[in-house]
Amino acid sequence: MNERLRDVYVVDAVRTPIGRYGGALSSVRPDDLAAGVLRGLLDRSPALDPALVGDVLFGNANGAGEENRDVARMAVLLAGLPVAVPGATVNRLCGSGMEAVIQAARAVALGDASIAVAGGVESMSRAPWVLPKPDRAFPVGNQQLYSTTLGWRMVNPRMPEEWTIPLGESAELIADKYRITRETQDAFALASHEKASRAWKDGAYDAEVVPVDGVDLPRDEGIRDDTSLEALARLKPVFRKGGTVTAGNASPLNDGAAALLLADEAGLAEIGREPLARIRASAVTGIDPQYFGLGPVDAIRKALTKAGRDFHDLHTVELNEAYAAQALGCLAALPDLDPGLLNPRGGAVALGHPLGASGARITGAVAHQLSAAGSGTGLAALCIGVGQGMALILER
């Protein structure tokens with residue numbers, strides 16, 4: 001064991017364009033999405049011998065479909081890496097991609113690997129229906145199928161009912177708690193689309209998005225250039241009669257993948273590239289599940305403390321937009337966080353939220369933004385179903 005932890009650098013970060021549910025990426029298996037983004041990441045570092053990759057960790061929130069046999073290892077094999085390169089899949093629901101980054105960074109910091117890949121993948125379009133085994137043999141009645149696309153299924157009856165409400169109802173509770181109006185949520189959603197559209201037009205995503213083989217998808221599929229407050233106002237609430245959460249001010253269901261190349265100082269020499277950023281600190285916290293959307297609040301505070309930084313030190317922030325109400329609730333609970341720093345190139349309401357990939361996507365986004373700026377401190381954070389939050393601090 002090394003006496004001191006090694007510095008961990010984000011050397012590169014890539015992601016696919018994000019596809020809509022049933023859209024351009026729906027014909028692509030999740031293991032192929034993962035393999036494609038892994039291959040795309042390593043192809044950008046031609047001096048790196050892939051055999052030097054100490055481990056590949058991928059996040060995935062489903063695991064019940066075509067990604068069921070350890071999608072990270074499947075990606076390694078499908079991408080043509082040496083069979084000696086290992087792979088492991090982690091699941092912290094919406095935080096899975098960031099969990100993969102944190103675990104890979106920890107391995108590098110401890111000296112277990114000099115170079116590692118971390119990422120995430122999700123195909124919500126291809127998430128299967130599952131049929132549980134009956135409690136007894138040869139049942140006479142009908143059996144129930146469960147969709148594994150999103151949210152609770154096959155709930156333990158001992159779980160308190162208020163903890164298993166629909167995710168969108170949780171967003172409604174946050175809107176109630178902080179008196180966040182429908183109009184405020186719609187304005188937040190519109191800004192997300194406008195920022196995302198502008199970022200693509202300005203070429204801001206050119207450095208991080210890699211194509212998916214055989215798919216014509218030039219940019220994130222969910223961005224609506226023509227949306228407006230009037231159009232958003234016409235949408236009906238989804239989760240509560242007279243509620244405020246609609247399909248327009250919530251993240252959609254999506255498909256996509258992301259991957260980051262991590263290394264210590266020795267690994268940087270092998271790769272032969274200047275890193276985008278350095279990982280400074282991370283944190284994960286728990287919260288009452290019915291207010292899961294506020295999970296990032298304490299995680300952000302904890303990560304900043306561990307990094308020896310404060311809100312005024314931040315230069316860019318990526319907070320995953322599961323719902324506009326959820327993101328706005330986090331801002332209300334963190335009055336020292338400058339809203340002007342938030343998601344400068346658009347957030348998940350516009351870009352999309354492929355569950356297992358989103359944590360890796362926003363971490364890579366912060367790294368690229370810091371690289372473009374030349375210096376600074378960045379924050380990536382997201383909420384997690386069943387009541388958790390994660391945050392990661394990067395610096396350059």
Side-chain angles (χ1 to χ4, degrees), residues 8-15 18 95 97-98 101-102 105 118 188 191-209 220 223 251 258 260 262 274-283 296-297 299-322 324 326-328 330-331 333-353 357-383 389-396:
V8 182
Y9 299 92
V10 178
V11 184
D12 199 4
V14 301
R15 67 173 179 89
I18 297 172
M98 186 176 288
V101 173
I102 291 172
F188 183 92
S192 185
H193 283 279
E194 290 175 341
K195 288 187 288 186
S197 178
R198 183 168 58 249
W200 272 102
K201 290 175 182 176
D202 292 345
Y205 281 118
D206 291 351
E208 65 184 271
V209 176
D220 301 307
I223 302 170
S251 63
L260 296 84
L262 308 181
E274 179 184 351
L276 302 175
R278 180 170 66 93
I279 294 176
R280 177 74 184 224
S282 63
V297 173
I300 288 170
R301 293 189 179 118
K302 187 175 179 180
L304 284 170
T305 298
K306 290 169 69 176
R309 297 291 183 266
D310 206 341
F311 289 100
H312 69 266
D313 295 313
L314 295 173
H315 296 83
T316 189
V317 175
E318 286 285 331
L319 174 65
N320 195 51
E321 301 167 356
Q326 163 264 320
L328 289 163
C330 290
L331 289 174
L334 295 169
D336 293 331
L337 176 57
D338 180 1
L341 299 178
L342 194 72
N343 303 341
R345 299 176 180 176
V349 167
L351 301 174
H353 181 18
S358 290
R361 178 191 72 78
I362 64 172
T363 303
V366 170
H368 278 287
Q369 290 164 29
L370 292 176
S371 177
S375 64
T377 300
L379 162 70
L382 72 175
C383 63
M390 298 188 81
L392 195 65
I393 306 294
L394 295 92
E395 291 187 340
R396 180 181 173 94

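These numbers come from the heavy atoms of this one structure, side chains and all, not from hydrogens, waters or symmetry mates.
- Here the side chains of Val349 and His193 are in contact, with some heavy-atom distance below 4.5 Å.
- The pair Arg15-Asp220 meets the salt-bridge criterion, since a charged nitrogen lies less than 4.0 angstrom from a carboxylate oxygen.
- Using a 4.5 Å heavy-atom threshold, the side chains of Leu351 and Arg361 count as touching.
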Give the C-alpha distance, both sets of side-chain angles, the deciding distance and a yes or no for side-chain contact (heavy atoms from CB on, under 4.5 Å) between Glu318 and Asn343. CA-CA 5 Å; Glu318 286 285 331; Asn343 303 341; 3.4 Å; yes
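- If you take NZ on Lys201 and CD1 on Ile223, they are separated by 10.0 Å, rounding to the nearest 0.5 Å.
- Without hydrogens or angle criteria, Ser282 side chain to Leu392 main chain gives no donor-acceptor distance under 3.5 Å.
- The two residues His315 and Leu341 come nearest to each other via the heavy atoms O-CD2, 3.4 Å.
- Closest approach of Ala348 and Glu321 over heavy atoms only: N-OE1, 3.3 Å.
- When all heavy atoms of Leu260 and Ala360 are compared, the pair lying nearest together is CD1-O, 3.6 Å.
- Counting all heavy atoms, side chain and backbone alike, Ala199 lies closest to Arg345 at CB-CB, 3.7 Å.
- A 4.5 Å side-chain heavy-atom check between Leu276 and His368 finds at least one atom pair inside the cut-off.
- By the 4.5 Å heavy-atom criterion applied to side chains, Val101 and Ile279 are counted as neighbours.
- A heavy-atom distance below 4.5 Å is not found between the side chains of Met390 and Ile300.
- Side-chain contact between Phe311 and Leu379 is absent, with no heavy atoms from C-beta onward closer than 4.5 Å.
- In plain terms, the two heavy atoms of Gly347 and Ser192 that are nearest each other are N-OG, 3.0 Å.
- The shortest distance between side-chain heavy atoms of Leu394 and Thr363 falls below 4.5 Å.
- Here Leu262 contributes atom CG and Ile102 contributes atom CD1; the two are 11.0 Å apart, rounded to the nearest 0.5 Å.
- Atom CG of residue Leu319 and atom CG of residue Leu328 lie 9.5 Å apart, to the nearest 0.5 angstrom.
- When each of Leu331, Leu334, Leu337 is checked for a side-chain contact (heavy atoms from CB on, under 4.5 Å) with Val297, only Leu334 meets the rule.
- A donor-acceptor contact shorter than 3.5 Å is absent between the side chain of Arg198 and the backbone of Gly346.
- With sequence neighbours left out, Gln326 forms a side-chain hydrogen bond (donor to acceptor under 3.5 Å, both in side chains) with no residue at all.
- Partners of Ser371 by side-chain hydrogen bond (donor to acceptor under 3.5 Å, both in side chains), not counting sequence neighbours: none found.
- With a 4.5 Å cut-off on side-chain heavy atoms, Val317 and Asp338 do not count as touching.
- Considering every non-hydrogen atom in both His353 and Ser358, the closest pair reads ND1-OG, 2.6 Å.
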